Chemist: 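Would you mind keeping the following structure in view while I ask a few things?
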Amino acid sequence: MKFSILSKGDQKSNEIRSKIKNYLTEFQLEYDEDEPDLAISVGGDGTLLEAFHTYVHRLDQTAFIGIHTGHLGFYADWMPEELEKLIIEIARTPFQVVEYPLLEVTIRPKDGEEEDRYLALNECTIKTSEGSVVFDIEIKGDHFETFRGDGLCISTPSGSTAYNKALGGAILHPSLEAIQIAEMASINNRVFRTIGSPLILPSHHTCLLKPLNDRSFLITMDHITRTYKDVKSIQCRVATEKVRFARFRPFPFWRRVHDSFVSDEYSHSKE
């Protein structure tokens, strides 16, 4: 089996990266940064997002696993003190794979030039530095509403615990193939009216955003930000591709949610 390791870059993460690389090569595993079967993330969720986008072109061939050394570890479920156990598991055990749905974002320019297509593991956000965002929102080809406000957040189920949650969105189990649209400070008065609630769209429904004013947009896909001008439309839907996570032990989604948002030191010590 071929593996690669991405580190957060701090001293602790780099030391763990070196240990994993040394031990796994001693077990006759091959280190390959270009075509790994397993991408190991050492850091926090941001490091795993970086790993995902590094290998986004080969999601059907590369699985991901995270070691938690940062402050956030929703995706990274192994701790540094479990390093020896994890190394043995990787070296000797064929891993189980769980698949999570992804968000596909297609940005189409007005001039008819080639569109840009992105995949997001967590979310896409759309904002502007030039006042309010104004969009006609179409769902499954029909006009749904005209949105005016600070922006929109379109998230995956696994990303529903991130920015989406901070916006008051629902937490979705990643077995649901869906995307969620959450508003950022929408304007609601006698002239402008939005639904005001997060929308959850199934995999066969597409959301199309059509700008109604001449703005440049700041569009983020996870941790990647791009500026776009002269945008004709932004299409969002559940991607055909999925992300694959390597599992060497059970770690149920709701336990992740509990440990990330509910558990404190006292309750965790009682488990």
Side-chain angles (χ1 to χ4, degrees), residues 45 49 72 101-113 115-172 176-239 257 261:
D45 285 350
L49 288 174
L72 291 175
L102 298 170
L103 168 66
E104 176 194 89
V105 181
T106 304
I107 303 168
R108 299 188 176 104
K110 289 180 180 178
D111 55 15
E113 290 188 5
E115 60 192 32
D116 288 342
R117 179 181 183 268
Y118 298 94
L119 295 178
L121 176 57
N122 267 2
E123 74 275 305
C124 166
T125 65
I126 305 163
K127 304 177 184 179
T128 181
S129 60
E130 304 171 16
S132 297
V133 170
V134 185
F135 284 120
D136 266 345
I137 300 179
E138 294 182 3
I139 298 177
K140 206 180 177 184
D142 294 327
H143 182 267
F144 179 76
E145 68 178 16
T146 299
F147 173 87
R148 186 183 183 98
D150 285 356
L152 292 169
C153 173
I154 301 95
S155 64
T156 67
S158 54
S160 66
T161 57
Y163 196 0
N164 168 78
K165 182 177 181 296
L167 294 171
I171 295 178
L172 300 185
L176 300 173
E177 294 196 19
I179 58 172
Q180 184 169 181
I181 305 169
E183 300 178 353
M184 302 177 193
S186 61
I187 298 173
N188 282 280
N189 51 37
R190 288 182 298 176
V191 179
F192 301 104
R193 178 64 55 189
T194 67
I195 193 69
S197 300
L199 300 175
I200 299 170
L201 274 57
S203 58
H204 60 290
H205 287 192
T206 297
C207 172
L208 193 65
L209 310 176
K210 295 182 175 179
L212 294 183
N213 51 13
D214 189 16
R215 296 281 190 270
S216 64
F217 296 102
L218 296 173
I219 303 177
T220 66
M221 278 65 60
D222 296 330
H223 63 300
I224 300 169
T225 301
R226 299 280 187 269
T227 300
Y228 280 89
K229 295 181 179 179
D230 300 320
V231 174
K232 178 182 178 182
S233 66
I234 302 169
Q235 177 183 285
C236 301
R237 64 185 179 187
V238 177
V257 173
F261 301 112

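Because the structure is a prediction, the values reported are computed rather than measured. Both backbone and side-chain heavy atoms feed into the values below; hydrogens, waters and symmetry mates do not.
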Chemist: Is the closest side-chain heavy-atom distance between Leu199 and Ile139 below 4.5 Å?
Modeler: yes
Chemist: Would you say the side-chain atoms of Asp222 pair up with the backbone N or O of Leu121, donor to acceptor, closer than 3.5 Å?
Modeler: yes
Chemist: Quick one: does Ile234's side chain get under 4.5 Å of Phe135's, heavy atoms only?
Modeler: yes
Chemist: Of all residues at least two apart in sequence or in a different chain, which pass the side chain to side chain contact (heavy atoms under 4.5 Å, CB included) check with Thr146?
Modeler: Val134, Asp136, His143, Leu212
Chemist: Minimum heavy-atom separation for Glu130 and Ser216, please, with both atom names.
Modeler: OE2-OG, 2.6 Å
Chemist: Please list all pairs meeting salt bridge (Lys or Arg N to Asp or Glu O under 4.0 Å) that have one or both residues in residues 192-218, counting only residues at least two apart or in different chains.
Modeler: Glu138-Lys210
Chemist: Could you tell me whether the side chain of Ser203 and the main chain of Val238 form a donor-acceptor pair under 3.5 Å?
Modeler: no
Chemist: Side-chain contact, heavy-atom cut-off 4.5 Å: Glu183 with Leu152?
Modeler: yes
Chemist: When you measure from the side chain of Gln180 to the backbone of Ala170, do you find a donor-acceptor pair of N or O atoms at a distance under 3.5 Å?
Modeler: yes
Chemist: Does any non-hydrogen side-chain atom of Leu208 lie less than 4.5 Å from one of Arg108?
Modeler: yes
Chemist: Measure the acute angle between the ring planes of Tyr118 and Tyr228, then classify it against the limits of 30° and 60° as parallel, tilted or perpendicular.
Modeler: perpendicular
Chemist: Judged by atom type as modelled, is there a donor-acceptor pair below 3.5 Å linking the side chain of Glu145 to the main-chain atoms of Ile195?
Modeler: yes
Chemist: Locate the shortest heavy-atom distance separating Cys207 from Leu201; write the atom from each residue and the value.
Modeler: CB-CD2, 3.8 Å
Chemist: Decide yes or no on side-chain hydrogen bond (donor to acceptor under 3.5 Å, both in side chains) for Ser160 and Ser155, but give the supporting numbers first.
Modeler: CA-CA 6 Å; Ser160 66; Ser155 64; 5.8 Å; no
Chemist: Mark yes or no for whether Asn164, through its side chain, and Ile171, through its backbone, hold a donor-acceptor pair below 3.5 Å.
Modeler: no
Chemist: Counting only N and O atoms by type, is there a donor-acceptor contact under 3.5 Å from the side chain of Thr128 to the main-chain atoms of Gly131?
Modeler: no
Chemist: So, Asn188 side chain and Thr194 main chain: donor-acceptor pair closer than 3.5 Å or not?
Modeler: yes
Chemist: Please test Thr206 against Gln235 for side-chain hydrogen bond (donor to acceptor under 3.5 Å, both in side chains), starting from the C-alpha separation and ending with a verdict.
Modeler: CA-CA 7 Å; Thr206 297; Gln235 177 183 285; 5.3 Å; no
